[in-house]
Amino acid sequence: MNKFAIAVHGGAGTILRSQMSVEKEKEYQEGLLSALHAGNKILEAGGASLDAVEAAICVLEDNPLFNAGKGAVFTHDGTHEMDASIMNGKTLEAGAVAGITGLKNPIILAKAIMEHSGHVLLCGEGAAEFARKMNLPFENDEYFFTQQRYDQLLEIRDSEKTELDHSDSKEKKFGTVGAVALDIHGNLAAGTSTGGMTNKRYGRAGDSPIIGAGTYANNKTCAISCTGHGEYFIRAVVAYDISCLMEYKGYTLEQACNEVVYKKLVDLGGEGGLIAIDAQGNIQLPFNSEGMYRGMKKSDGDFVVSIYKD
Ligand code: ASP
């Protein structure tokens, strides 16, 4: 059988072993494992990488530990505005949503936008209208309320600060989610979903819904999903840059990831990381922050779930 593989992330940032309890660590690992399992099941059965990415991200969106879907962080106004995107490496089709409120699984909407809207990126109320047309499920405010996230907002609401939900504050343990996969047909796909940054306002969107910045997939090169301080990832066009280094300069996946995550982003001051897979099923999980919730599983048996640097 041809190779297949999947990688997932649950956010990068100041994630320190010293701040994590054994139980919490286990919960995160289990969350990542369930996502890997959901995607792997589809790949194993010969399904499409796009469906595997969507399934893995749905599991993470439904888990309140991660800053996407149910666990999305609060905006300055005490609401949730979620962003997501997905890309098909075979066709270069892409779909994305920015600033959607109340939708249970933004990644499903991103895929529906790609497949049924004739557009790539829909925002805010218009995106919600399209989601209703697609009969996608919405949830009430209670579903999205988590005490920890609300406390994170209260800590900084009176300041001009926006914050990665896992950096800078006492609670630094949650994050944006993403998945990348290669299926047995040789097709790559990538997807990312997030609540963005705590205390964001003015309709701020980060890199997650921006194709080429937070998400990119191309069968010729690689599939990438990013997490970190979105403004820097947009300016460095991170996901597409890695693909370009491979396509135009002949870099390996590892060389391209190292160049962008450890040099370009660091020079700009951009903290974060990404998951990456190439058409041969090689996987890279680089980050320049303290930690990144991450995991990967390959058809040859290679398997990793980890959180910290070491
Ligand atoms: N990249 C996301 C954003 O800036 C945040 C994250 O990765 O946690 O919206």
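The model shown is predicted, which means the values in this text are computed figures rather than measured ones. What's counted below: heavy atoms across the whole structure, side chains too, no hydrogens, waters or symmetry copies. One-based numbering, in listed order, for ligands and for the atoms of each.
For Asp302, the salt bridge (charged side-chain N to carboxylate O under 4.0 Å, His left out) partners are Lys298, not counting sequence neighbours.
Here is the list of ligand 1 atoms found below 4.0 Å of a heavy atom in Asp207: 1 (N), 2 (C), 3 (C), 4 (O). For ligand 1 and Gly196, the ligand atoms under 4.0 Å from any heavy atom of the residue are 9 (O). Near Thr227, meaning under 4.0 Å from any of its heavy atoms, are these atoms of ligand 1: 6 (C), 7 (O), 8 (O). When each atom of ligand 1 is checked for a heavy atom of Thr176 under 4.0 Å away, the hits are 2 (C), 5 (C), 6 (C), 7 (O), 8 (O).
A donor-acceptor pair shorter than 3.5 Å cannot be found between the side chains of Thr176 and Thr227. Checked by atom type, the side-chain pair Glu81/Thr101 shows no donor-acceptor distance below 3.5 Å.
In terms of N/O distances under 3.5 Å, ligand 1 is not approached by Gly206. At least one N or O atom of Gly230, backbone or side chain, sits closer than 3.5 Å to an N or O atom of ligand 1.
Contact between Arg204 and ligand 1 is present, with at least one heavy atom of the residue lying under 4.0 Å from the ligand. The shortest separation from a heavy atom of Gly11 to ligand 1 is not under 4.0 Å, leaving the residue out of contact.
Taking the six-membered ring for Trp and thresholds of 30 and 60 degrees, Phe74 and His80 have ring planes inclined between 30 and 60 degrees apart.
Put simply, the side chain of Met296 does not reach to within 4.5 Å of the side chain of Ile277, judged on heavy atoms.
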Give the table of side-chain donor-acceptor pairs shorter than 3.5 Å for residues 122-139, with sequence neighbours excluded, one pair per line with atom names and distance.
residue: Glu125; atom: OE2; partner: Arg132; partner atom: NH2; Å: 2.8

